[in-house]
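Contents: one structure, followed by commentary.
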Number of protein chains: 2
Amino acid sequence: MAIILDDNDKAILRELQEDASISNLNLSKKIGLSPSTCLARTKNLVETGIIKKFTTIVDEKKLGIEVTALALINLSPLNRETIHSFLEDINKYPQVQECYTLTGSHDYMLKIVAKDMESYRNFIIDSLMQNPAISGVDTSIVMSTEKRTVSIPIDVV
Amino acid sequence: MAIILDDNDKAILRELQEDASISNLNLSKKIGLSPSTCLARTKNLVETGIIKKFTTIVDEKKLGIEVTALALINLSPLNRETIHSFLEDINKYPQVQECYTLTGSHDYMLKIVAKDMESYRNFIIDSLMQNPAISGVDTSIVMSTEKRTVSIPIDVV
DNA sequence: CTTGAAAGAGACACGTC
DNA sequence: GACGTGTCTCTTTCAAG
């Protein structure tokens, strides 16, 4: 399933993860390829789905988002139906930025952003907990974000 | 501290979060502004730091990254020195994608990616745990990622 | 704050090796 | 696959409303 990339592809991914606004011309110079070749490779990375999208990272604090929380969730009963309905909810809520199925004593972990504590509380009670399958919500408030990146370490691969 | 944005700014952020590769011309059409005005506003968002960076989202599975883990960390003793040395480590490791300071019984939560279980284990033992201040690592393996976005819900603000 | 126009640069599709 | 050229579109700057 894993796709083999050569050093040029890796260099392109590294650069584009760092700064996607770089022009194809500058990118080609940086990694030592001709502009047309570089463009063809980048397009190929998009077409194969290795590059999923180009996006913009926004400073949430400057927009007034003051609360980030991690919530461990348990469903009861945990079956195909409750899982489906839970995940349907999750995908509806833009406040939920991440959702992972876990091993261990908790079924899911959510990362939730909110304007302030009151709006977080309202979201949990008025929206999330409205789903009767949710039997437990264990919230940890994030005091500070020390690191947050979406860059995949290309070298590890 | 929160900066007030008008509807045009919000529309720009929404679009750019969705797709940062859109041309300024198309962006201006979508939100009903002239190209030069739209560009000026976008540049302003970058200068004020509301837009932190443009980046590329890479499909980690296609690169052969098979393990994602959440690790709850405790430091002992928890003081200025151990915190500093721990965060210095964290910022060195590209495998650590996210690090949050938490309220509650655990000090930090890390999100870690690795090629496979063995390389995850090696990372924890040979790198992370080499720091003597770390007194506990409680790992939950991610079985599947149900949702993962970096888009800030602009409407919430 | 917005519009319009003009110049410069880059993207993209060729053909060639 | 990689490179070079030409066309065409977009960005970007400037003057003006």
Side-chain angles (χ1 to χ4, degrees), chain A residues 1-59 62-64 150-152 154-157, chain B residues 1-65 150-152 154-155 157:
Chain A
M1 190 59 208
I3 297 167
I4 307 299
L5 302 176
D6 67 13
D7 289 346
N8 285 329
D9 292 321
K10 288 183 185 176
I12 289 175
L13 288 179
R14 229 186 317 263
E15 282 299 326
L16 287 182
Q17 282 192 137
E18 193 60 41
D19 178 18
S21 69
I22 188 173
S23 76
N24 180 61
L25 192 64
N26 283 333
L27 178 60
S28 67
K29 279 180 194 162
K30 264 199 174 178
I31 61 183
L33 253 67
S34 78
S36 51
T37 305
C38 182
L39 185 64
R41 278 175 177 269
T42 305
K43 285 185 96 172
N44 190 49
L45 288 169
V46 173
E47 266 157 31
T48 55
I50 293 177
I51 291 179
K52 281 159 108 174
K53 71 190 289 190
F54 298 103
T55 189
T56 302
I57 307 294
V58 171
D59 189 330
K62 290 197 172 158
L63 293 188
V150 285
S151 289
I152 308 298
I154 305 291
D155 311 302
V156 172
V157 182
Chain B
M1 189 61 209
I3 297 167
I4 306 300
L5 302 176
D6 66 14
D7 290 344
N8 286 329
D9 291 321
K10 288 183 185 177
I12 290 174
L13 289 179
R14 229 187 316 264
E15 282 300 326
L16 287 182
Q17 283 192 136
E18 194 60 41
D19 177 18
S21 70
I22 189 173
S23 77
N24 180 61
L25 192 63
N26 283 333
L27 178 60
S28 68
K29 279 180 192 162
K30 263 200 172 176
I31 61 182
L33 253 67
S34 77
S36 51
T37 304
C38 182
L39 186 64
R41 279 174 178 270
T42 304
K43 286 184 97 168
N44 191 49
L45 289 170
V46 172
E47 268 157 30
T48 54
I50 293 177
I51 290 179
K52 280 159 110 176
K53 72 188 290 192
F54 297 102
T55 189
T56 302
I57 307 295
V58 171
D59 189 329
E60 57 204 50
K61 280 189 186 160
K62 291 199 172 156
L63 293 188
I65 290 188
V150 285
S151 288
I152 307 298
I154 305 291
D155 311 301
V157 180

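Letters A, B, ... mirror the listed sequences (proteins, then strands); counts begin at 1.
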[X] [atom1] to [N] [atom2]: how many Å, rounded?
{"X": "A:Leu39", "N": "C:dC14", "atom1": "CG", "atom2": "P", "answer": "14 Å"}
{"X": "B:Asp7", "N": "C:dC1", "atom1": "CG", "atom2": "P", "answer": "15 Å"}
{"X": "B:Ile31", "N": "C:dT2", "atom1": "CD1", "atom2": "C1'", "answer": "14 Å"}
{"X": "B:Asn24", "N": "C:dG4", "atom1": "CG", "atom2": "P", "answer": "15 Å"}
{"X": "A:Leu27", "N": "C:dA9", "atom1": "CG", "atom2": "P", "answer": "19 Å"}
{"X": "A:Ile22", "N": "C:dG10", "atom1": "CD1", "atom2": "P", "answer": "11 Å"}
{"X": "B:Lys29", "N": "D:dT9", "atom1": "NZ", "atom2": "P", "answer": "11 Å"}
{"X": "A:Leu33", "N": "C:dC12", "atom1": "CG", "atom2": "P", "answer": "16 Å"}

query = Are OP1 or OP2 of D:dA2 and a side-chain N or O of A:Thr37 less than 4.0 angstrom apart?
reply =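 For D:dA2, neither OP1 nor OP2 has a side-chain N or O of A:Thr37 closer than 4.0 Å.
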ask   = Are OP1 or OP2 of D:dA2 and a side-chain N or O of A:Arg41 less than 4.0 angstrom apart?
value =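 So the side-chain polar atoms of A:Arg41 do come within 4.0 Å of the phosphate oxygens OP1 or OP2 of D:dA2, strictly under.
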ask   = Side chains of B:Leu5 and B:Ile154: does their closest heavy-atom pair fall under 4.5 Å?
value =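 B:Leu5 vs B:Ile154: side chains apart.
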ask   = Would you say A:Lys62 and B:Thr48 make side-chain contact, with heavy atoms under 4.5 Å?
value =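 A:Lys62 vs B:Thr48: side chains apart.
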message = Regarding A:Leu25, tell me which of base, sugar-phosphate or nothing describes its non-hydrogen contacts under 4.0 Å with the strands shown.
response =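 Touches sugar-phosphate only.
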request  = Using a 4.0 Å heavy-atom cut-off across all strands, classify B:Ser23 as base, sugar-phosphate, or nothing.
outcome  =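 Answer is sugar-phosphate: B:Ser23 comes under 4.0 Å of backbone atoms only.
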task = Could you walk me through whether A:Lys53 and B:Asp19 pass side chain to side chain contact (heavy atoms under 4.5 Å, CB included), step by step?
result = CA-CA 7 Å; A:Lys53 71 190 289 190; B:Asp19 177 18; over 6 Å; no
inquiry  = I want to confirm an ordering. Mapping A:Asn26 and A:Ser36 to their closest nucleotides on DNA chain C, which one lands closer to the 5' end?
reply    =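 Between the two, 5'-proximity favours A:Asn26.
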ask   = Which nucleotide, C:dT3, D:dT13, C:dA13, lies nearest any side-chain atom of A:Lys43?
value =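 Given the options C:dT3, D:dT13, C:dA13, the side chain of A:Lys43 is closest to C:dA13.
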message = Please check: side-chain N/O of B:Thr56 versus main-chain N/O of A:Leu16, any donor-acceptor pairing under 3.5 Å?
response =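 A pair under 3.5 Å: yes.
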inquiry  = Show the nearest heavy-atom pair for residues B:Ile57 and A:Val150, with the distance to one decimal.
reply    =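 Answer, listing the atom of B:Ile57 first, then A:Val150: CD1-CG2, 3.8 Å.
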